[in-house]
There are 4 protein chains.
Amino acid sequence: MYKKLHIQIEDQSGLPVYRQVMDQIQQYVVTGALESGDQLPSIRELASQIGVNPQTVVKAYGELEHSGILEMRRGRGAFLSDGARALAGIDYSRQLRERIHSLVREALQAGYHPEQLSDIFEEMIEEIGSSPSLREAGSEPDLKIIGGGSP
Amino acid sequence: MYKKLHIQIEDQSGLPVYRQVMDQIQQYVVTGALESGDQLPSIRELASQIGVNPQTVVKAYGELEHSGILEMRRGRGAFLSDGARALAGIDYSRQLRERIHSLVREALQAGYHPEQLSDIFEEMIEEIGSSPSLREAGSEPDLKIIGGGSP
Amino acid sequence: MYKKLHIQIEDQSGLPVYRQVMDQIQQYVVTGALESGDQLPSIRELASQIGVNPQTVVKAYGELEHSGILEMRRGRGAFLSDGARALAGIDYSRQLRERIHSLVREALQAGYHPEQLSDIFEEMIEEIGSSPSLREAGSEPDLKIIGGGSP
Amino acid sequence: MYKKLHIQIEDQSGLPVYRQVMDQIQQYVVTGALESGDQLPSIRELASQIGVNPQTVVKAYGELEHSGILEMRRGRGAFLSDGARALAGIDYSRQLRERIHSLVREALQAGYHPEQLSDIFEEMIEEIGSSPSLREAGSEPDLKIIGGGSP
DNA sequence: GTGGTCTAGACCACG
DNA sequence: GTGGTCTAGACCACG
């Protein structure tokens, strides 16, 4: 009935959990993995999946609703709004390139050698790319369609 | 008498202010813009400069002291410790790996292929790594020396 | 649900309040009165019990967390870490040596002969070491268990 | 003209420096090493000897004056008052024994073996007792008479 | 001037 | 309920 999200929380990052949830959902929208009308997991479902308190998901969904990306329909669930993609922000690939750019710039400035940096990247890509949860679904590796279309 | 820091607080980032202060000072140390023995702005000075309560800077400086990067000298000020660069480097390299990890995870999760991602990285590393500005002007990017030499 | 601590603040001692709190909790751990996994009073609870501002307890708990003795779990409380006893023991033994050092220095400085001092020490050690109360009742001297077992 | 004091400041103790100065002077009085009418070093003299700021000694002398132990005579110096010994407190040897007693009790309770404790004591006594600054003066090892009697 | 501690009170994130 | 961060303001120790 809804699309299963793979949300991963990092404790070290310093970012509030609800924000990490928000960011990752928003990212799904930006990449087109989630589309207008799609149903999200219920608050309880997502909370238990990622191992946090339901209130934390309530907060994340609430913020997304506030920004117009999500619509909570009482008794039915959470759905991506019509304008979701436009609201979710700029082109993800541009955003991604910018993040990589500033990361690389900073690291080289901090004294890392290009080869070192390259090695770390390759190591991470291999490590994460070969993890079982991502390997299956191909081009949309972290999204599985659980039920049908939108309501 | 001390080195003026350009610390930029972003309210949107979700990171606590004291953490942003810590991270940016650490970045100065890692890039070599701040060196062992250098005096930092006083707590009150930095607090008023970035517009926060002194206690917030106390917290940031205190954490840096805990990690051995800073030395607080009562009545005299805050100074970079002898092993500052090495210690900051260790911290930074851990943080860098975490940032790369999240970035890669998110990108793969969003549907990028490992090869695509790898290509973008290599491209960025080559582009930035070959720019001449990094090896010259980049070493003291955001710092002005106020007053005389170090104490 | 948590172990009630009897923390006594001495205004005359010259030691900061947060330090007195730290030292006394550490003492509980070293003597085995508090063990790994035990829950401590909440910050607010302890603060109101000893009549100080919560921030003061935050500082004490924070320092103990830094030294690895305590684990703060957001929304759940403060718990003694796994290695608490070993870590507290290291700290304590350092402090003990310092205290003995000052005491001996002061006494010699005040005119005591090394032999006199040595005699007093041996006398005390023998007197206290042979008292039976130490091996029985002494192990949980100031602690009452509130509520059920440990979490 | 005045009695030279050997004051030793310990940075780790957490006690304010001015208080360590006070305590040690008071101790000299209690043990009889300093007597009514004796002149103390000047503020500057003592400050430079122990390596602290003169204001710190001002504070210590001020507190001792406040408690009636010291008399500051403008332009002449600092002298022990008539009632100094009575005001300085109880018999030092009793006080010393009490400190040793609670230290030993605590350490045994914390799990130290009597032999361990004894070893630490002997080690400290030997180490400090053989230090050159204490070896010379015999029964009043840390006090040298610099000038004559009281004014 | 410098850092260090503490209070009273607020609001947030999380369970 | 729990801990975490921040403010405004005070006073202390030290140089």
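Order of the sequence lines fixes the chain letters, A, B, ..., with proteins taken first and strands second; residue numbering starts at 1 for each chain.
Rounded to an integer number of Å, the gap from B/Tyr61 OH to F/dT5 P is 19 Å. Distance B/Asn53 CG to E/dC6 C1': 13 Å, rounded to the nearest Å. Note: CZ (C/Arg19) to C1' (F/dC12) measures 17 Å, nearest angstrom. Between C/Arg44 atom CZ and E/dG9 atom C1' the separation is 12 Å, expressed in whole Å. Whole-Å rounding puts the B/Gln55 CD to F/dC6 P distance at 11 Å. Look at OH on C/Tyr18: it is 9 Å from P on E/dG4, rounded to the nearest Å. Whole-Å rounding puts the B/Lys59 NZ to F/dG4 P distance at 8 Å. Regarding C/Leu15, its CG atom lies at a distance of 18 Å from the P atom of F/dC12, rounded to whole Å.
Residues C/Val52 and A/Pro54 both approach DNA chain E. Their nearest nucleotides, taken by heavy-atom distance, put C/Val52 toward the 5′ side. When each of C/Ala78 and B/Arg74 is assigned the nucleotide of DNA chain F with its nearest heavy atom, C/Ala78 is the one assigned upstream, toward the 5' end. Nearer the 5' end of DNA chain E, as judged by each residue's closest nucleotide, is the contact made by B/Val58, out of C/Gly75 and B/Val58.
Residues B/Val21 and B/Ile9 have side chains in contact (heavy-atom distance under 4.5 Å, counting atoms from C-beta outward). Looking at A/Ile69 and A/Gln26, their side chains come closer than 4.5 Å, going by heavy atoms from C-beta outward.
Within 3.5 Å, no donor on the side chain of B/Arg73 pairs with an acceptor on the base of E/dG3, nor the reverse. Counting distance only, with no hydrogens placed and no angle test, the side-chain atoms of B/Arg76 and the base atoms of E/dG1 include no donor-acceptor pair under 3.5 Å.
With sequence neighbours excluded, no residue forms a salt bridge (charged side-chain N to carboxylate O under 4.0 Å, His left out) with C/Glu65.
Distance from the side chain of D/Pro16 is smallest to F/dC14 among F/dG3, E/dG3, F/dC14.
Contact between the side-chain N/O atoms of D/Thr56 and the OP1/OP2 oxygens of F/dA13 is not found at any separation under 4.0 Å.
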Determine, stepwise, if the pair D/Leu34 / D/Leu5 fulfils side chain to side chain contact (heavy atoms under 4.5 Å, CB included). CA-CA 9 Å; D/Leu34 282 176; D/Leu5 307 179; 3.8 Å; yes
Full working for side chain to side chain contact (heavy atoms under 4.5 Å, CB included) between C/Glu106 and D/Asp23: CA-CA 10 Å; C/Glu106 282 176 29; D/Asp23 288 351; over 6 Å; no
Apply side chain to side chain contact (heavy atoms under 4.5 Å, CB included) to residues B/Asp91 and B/Leu87 and explain how you reach the verdict. CA-CA 6 Å; B/Asp91 251 48; B/Leu87 289 162; over 6 Å; no
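Side-chain contact, B/Gln24 with B/His6: no donor N or O sits under 3.5 Å from an acceptor N or O.
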Kindly express the pairing pattern of DNA chain F in dot-bracket notation, using | wherever a base pairs with another strand and counting only Watson-Crick or G-U pairs under 3.5 Å. ||||||||||||||.
